[in-house]
Amino acid sequence: MQYNSSEIEKKWQNYWKENDSFEPSEDFTLDKKYILSMFPFPSGRLHMGHVRNYSISDALARYHRQQGKNVLHPIGFDSFGMPAENAAIKNGSHPKGWTYDNIDYMKNEFYSLGFSFSRKREMATSDELYTKFEQSFIIDMYEKGLLYREKGMLNWCPNDQTVLANEQVVDGCCWRCDTPIEKKDMNQYYFKITQYSDELLDDLKELEKGWPKQVLTMQENWIGKSNGLAFDLLFDDTSLSILDNKFKSFDVFTTRPDTIYGVSYTALAPEHAIVTYMIENKLLSDAVIAEITKMKNTSSIDRQKVKEGIALGLNVVHPLTGKTVPVWIANFVLMDYGSGAVMAVPAHDDRDYDFAKKYDLPINAVIKAKDAESDVSKTAFTDAGVLFNSGEFDGLNSKKSQYNIIKMFEEKKIGAKTTNYKLKDWGVSRQRYWGAPIPFIHCEDCGLVMEKKENLPIALPDDVEINGEGSPLENHPTWKNCKCSQCGKEAVRETDTMDTFVQSSWYFLRFCASPETLEKAAFTKEEISYWMGVDHYVGGIEHAILHLLYARFFTKVFRDLGYLDFDEPFDKLLTQGMVLKDGTKMSKSKGNTVDPDAIIEKYGADTARLFILFAAPPTQELEWNDSAVEGSHKFIKRFFDRASNIVKTDTKPKIDHNSLNKEEKLARKKVYEALKRSEEVFKERYTFNTMIAGVMEAMNALNLQSNADVWSEGYWILASIMEPVIPHTCWDISMEYFSLNNLSKQEVVEEVFVEDSITLGVAINGKNRGEIEVTPQTSKDEILALAKEKVAKYLEGKTIIKEIVVPKKLVNLVIKG
RNA sequence: GCGGAUGUGGUGAAAUUGGUAUACACGCCAGACUUAGGAUCUGGUGCCGCAAGGCGUGGAGGUUCAAGUCCUCUCAUCCGCACCA
């Protein structure tokens with residue numbers, strides 16, 4: 001029979017569909033595995049990155065199914081989001097129609113790749129049912145004080161006409177369309193993720209075993225915790241009167257209290273309240289005000305280029321020395337970190353140093369390296385060291401003095417130990433249509449009120465005009481009109497929708513809902529406790545911060561709301577590498593994409609899957625290679641053709657190992673080595689490439705012998721090992737020869753590893769010089785004798801000073817002369 | 001600047017605790033069969049050298065009987081963060 005991929009693959013895809021082959025059991029006493037790939041946005045078609053992502057999770061899912069585990073391997077679509085609206089603007093489609101057409105198309109692609117998803121749990125986050133439960137959670141979070149509305153300076157993307165979260169601003173530009181971000185003062189909803197800063201940071205420790213270090217570090221940096229001293233700088237009398245006593249002081253934060261005696265100026269962010277006050281009350285000249293305004297309007301990228309400052313003509317009093325210190329505005333001081341003001345120590349901070357050089361401010365060194373002279377004539381000395389010119393703290397090292405100085409500030413009640421975070425609250429409102437509406441109502445009398453839960457979902461209207469100008473919901477003639485949920489008066493619905501990251505922050509919990517639960521609840525606690533945490537979460541590293549941080553946050557929030565009782569959602573995280581072609585990421589704009597559909601049509605899904613898992617370990621980048629794809633296809637053909645050597649059987653053939661010849665024994669050994677390797681790979685290493693190589697070696701060894709039983713046993717095992725990778729081919733072979741009985745856990749047979757003869761390497765001074773054949777019984781002396789004989793010519797005229805025999809490995813003779 | 005990773009044949013990559021470096025594949029070369037095909041099968045293939053032999057895991061040192069693997073320094077590339085006080 002000839003290998004016909006499309007015939008075989010269609011046959012088995014139908015079989016799996018008709019038999020509900022991959023539906024998890026609702027029997028919660030079974031051992032479970034929850035295998036999840038990050039769900040896709042329904043962009044239209046699958047790309048190779050998707051194929052890689054799901055090939056990995058599908059292999060894991062199929063393996064654990066074979067091992068008898070109850071496996072949940074679901075698929076859904078992260079289906080809200082801007083591209084649907086952009087497509088609507090571009091070609092007049094409706095976001096909903098566009099989205100669901102894409103979902104249908106991509107689902108077909110998924111199933112034509114043979115992925116073993118639970119079909120009964122398919123969903124899309126734009127489904128009204130999903131919105132309904134999400135809105136309910138949002139209300140819970142608002143009641144808990146974890147969601148709030150506030151006016152603030154926000155990141156506004158003028159192209160997408162919407163607000164972006166800090167996390168969605170990349171190099172000062174929109175993460176989606178690269179347009180430079182503008183600042184806008186607006187009302188916006190925020191999740192209080194900062195309330196969980198410490199927990200999000202501390203619990204990273206729990207994840208050390210299962211998550212890549214890189215991701216943990218990225219999250220750690222993003223949260224950006226730093227400890228230090230916060231204290232007030234008091235204005236001197238002249239300054240007080242300039243400010244009309246409106247401000248007595250301002251707050252600064254430092255992580256280097258040990259440098260405090262080196263403070264020679266202080267700096268405020270241009271957005272600081274004191275600066276704003278001085279502008280509003282014309283306490284500065286028009287020229288200076290113009291300069292400050294210009295500074296404020298400079299984009300954050302440009303602001304990083306050159307340090308600029310303006311002296312304010314104010315002075316504060318140094319809290320320890322009592323000397324006056326000038327107050328400046330500096331463009332490098334950020335309003336949204338700490339208090340928006342800093343003490344400047346040019347001698348021991350690079351930024352302060354540059355600034356002081358530029359504006360000719362004093363540079364007072366107070367720290368020096370141990371046993372060295374202080375020198376800050378060329379650069380700042382930013383290391384820790386020993387204090388001098390620091391009053392009573394002279395001679396102490398940085399660490400010790402930091403502790404002492406903070407203690408002194410606290411005793412004098414002029415400052416306190418303080419912790420700062422880079423992490424900001426998560427702004428979630430978007431002024432767009434294709435998202436989940438925020439279920440709130442603005443009532444003239446009652447203010448901001450929540451919709452009643454029984455009225456959920458607050459669904460999107462279908463009849464909208466999407467033209468890229470303003471919020472379509474805001475512009476809709478009637479949608480926002482509603483009754484206040486408290487007083488019943490005419491009121492106005494919130495027209496902002498939620499960031500799509502809200503949906504992806506809990507979808508993995510939704511998948512736990514059984515088909516019976518689906519309509520009734522988001523999930524039940526019983527289902528969650530059974531299925532969570534996700535045993536294997538597979539996805540791209542690009543989600544290392546945003547999605548994974550938000551999902552962790554939601555898990556903790558849901559825990560505190562009583563919906564679940566664990567702290568972290570994802571036990572193991574596998575971050576797959578990118579798929580490259582010609583050395584760069586596949587992308588439409590570069591024109592170097594390979595269409596999965598075309599590969600499936602030409603070679604079949606199994607070939608695509610085999611190539612993708614064989615070409616590189618999953619965490620590494622994968623370079624697409626057409627001829628290697630061809631090679632994978634050839635292997636499958638060979639694997640299929642040589643199955644004709646099998647004798648049909650319903651049970652694994654029994655073989656008397658001792659009666660076999662050398663080639664037959666080797667073949668069996670290679671087969672079981674491959675089996676051992678596969679166990680390791682699926683349990684610990686995930687290097688599918690080495691597992692596949694092992695199977696290829698076993699195939700090569702089988703081909704060098706002709707014992708029908710050895711062939712049959714070999715295929716019994718190999719088809720089982722390969723089923724997670726090339727399922728269609730393996731099910732076909734298995735059905736034809738083994739009545740599908742071999743697709744289950746296989747036991748290793750140890751007898752095949754007992755060696756009749758062992759090859760030892762013989763080395764002289766560590767250099768390999770030959771090989772000898774011995775048996776397991778050969779004594780050490782005999783081995784040495786054989787070895788010396790083998791390499792006699794190298795030993796002539798030399799003295800052996802050491803003899804090392806490493807059992808089953810090698811002999812090393814150390815010689816001299 | 002800070003953090004994380006990676007560096008092995010012509011290419012993708014193996015090498016579990018230090019123990020015969022380059023498994024498996026792609027490519028290339030040769031041969032067989034042939035309906036002369038980009039099919040299939042068989043064999044060869046780290047580099048230099050006619051050979052003996054030498055050299056080889058980014059580079060330089062070190063530990064060891066033995067180092068891709070451990071230690072120190074260094075170079076290159078990629079990724080993330082970045083004026084975070």
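Each chain gets a letter, A, B and so on, in the order its sequence line appears, and its residues count up from 1.
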Practice problem: Give the nucleotide from the list A14(B), A23(B), A21(B) with an atom nearest to the side chain of Ala693(A). | Solution: A23(B)
Quiz item: Does Gln620(A) make a side-chain N or O approach to OP1 or OP2 of A13(B) shorter than 4.0 Å?
Solution: yes
Quiz item: Do Phe355(A) and Phe332(A) have ring centres separated by under 6.0 Å?
Solution: yes
Quiz item: Glycosidic conformation of G9(B), syn or anti, with 90° from 0 as the boundary?
Solution: syn
Quiz item: So which nucleotide does C26(B) pair with, by the Watson-Crick or G-U wobble rule with both distances under 3.5 Å?
Solution: G10(B)
Practice problem: Could you give the distance separating U63(B) and C73(B) at their C1' atoms, to the nearest angstrom? | Solution: 15 Å
Quiz item: Quick one: which of G3(B), A39(B), A14(B) gets closest to the side chain of Thr217(A)?
Solution: G3(B)
Exercise. Answer yes or no: does a side-chain N or O of Asn700(A) lie under 4.0 Å from OP1 or OP2 of A25(B)?
Key: yes
Quiz item: OP1, OP2 of A25(B) versus side-chain N and O of Ser632(A): anything below 4.0 Å?
Solution: no
Quiz prompt | Pair Ser226(A), Tyr337(A): side-chain N/O donor-acceptor within cut-off below 3.5 Å | solution = yes
Quiz item: Using atom C1' of each nucleotide, how far apart are C47(B) and G10(B) to the nearest Å?
Solution: 12 Å
Quiz item: OP1 or OP2 of C84(B) sitting under 4.0 Å from any side-chain N/O of Arg256(A)?
Solution: no
Quiz item: Which base sits across from U77(B) as a Watson-Crick or G-U pair, both distances under 3.5 Å?
Solution: A5(B)
Practice problem: Report the nucleotide, chosen from C65(B), U16(B), A39(B), that has the shortest atom-to-atom distance to any side-chain atom of Arg685(A). | Solution: U16(B)
Quiz item: If you measure from the C1' atom in U57(B) to the same atom in U8(B), how many Å do you get, rounded?
Solution: 4 Å
Quiz item: Given the C1' atoms of G54(B) and A5(B), what is the spacing between them in whole Å?
Solution: 35 Å
Practice problem: Using modelled atom types only, decide if a donor and an acceptor are shared between the side chain of Gln705(A) and the backbone of Leu702(A) within a distance under 3.5 Å. | Solution: yes
Quiz item: Taking N and O atoms by type only, does the side chain of Asn221(A) place a donor or acceptor under 3.5 Å from a partner on the base of C81(B)?
Solution: no
Quiz prompt | Nearest listed nucleotide, side chain of Phe614(A), among G19(B), A85(B), C24(B) | solution = C24(B)
Quiz item: Considering only A5(B), A85(B), C65(B), which nucleotide approaches the side chain of Ile804(A) most closely?
Solution: C65(B)
Quiz item: What is the distance, rounded to the nearest whole Å, between atom NE2 of His543(A) and atom P of G80(B)?
Solution: 14 Å
Quiz item: Counting just side-chain N and O atoms, does Arg642(A) come under 4.0 Å of either OP1 or OP2 of C41(B)?
Solution: yes
Quiz item: Centroid-to-centroid, Phe231(A) to Phe253(A), below 6.0 Å?
Solution: no
Practice problem: With the side chain counted from C-beta on, respond yes when Met48(A) and Arg52(A) share a heavy-atom pair under 4.5 Å apart, and no when they do not. | Solution: no
Quiz item: Using 4.0 Å as the upper bound for N to carboxylate O, is an ion pair formed by Lys225(A) and Asp198(A)?
Solution: yes
Quiz item: OP1, OP2 of A14(B) versus side-chain N and O of Asn689(A): anything below 4.0 Å?
Solution: yes
Practice problem: Can you figure out which of A14(B), U16(B), A85(B) approaches the side chain of Glu680(A) most closely? | Solution: U16(B)
Quiz item: Of all the nucleotides listed (A39(B), A13(B), G19(B)), which has the minimum atom distance to the side chain of Lys634(A)?
Solution: A39(B)
Quiz item: Taking OP1 and OP2 of G27(B), is either one under 4.0 Å from a side-chain nitrogen or oxygen of Asn625(A)?
Solution: no
Practice problem: Could you give the distance separating A25(B) and U45(B) at their C1' atoms, to the nearest angstrom? | Solution: 14 Å
Self-check item: Phosphate-side-chain proximity, Lys637(A) and A39(B), N/O vs OP1/OP2 below 4.0 Å
Solution: no
Practice problem: Between A23(B) and G18(B), how far apart are the P atoms? Round to whole Å, please. | Solution: 23 Å
Quiz item: What does A66(B) pair with, Watson-Crick or G-U, if both distances are under 3.5 Å?
Solution: none
Practice problem: With RNA chain B as reference, determine whether Arg351(A) or Glu623(A) sits nearer its 5' end, using the nearest nucleotide of each. | Solution: Glu623(A)
Self-check item: Below 4.0 Å: OP1/OP2 of C81(B) and any side-chain N or O of Lys422(A)
Solution: no
Quiz item: If only side-chain N and O atoms of Lys767(A) are considered, is one of them under 4.0 Å from the OP1 or OP2 phosphate oxygen of C55(B)?
Solution: yes
Self-check item: Any Lys802(A) side-chain N or O less than 4.0 Å from OP1/OP2 of C65(B)
Solution: yes
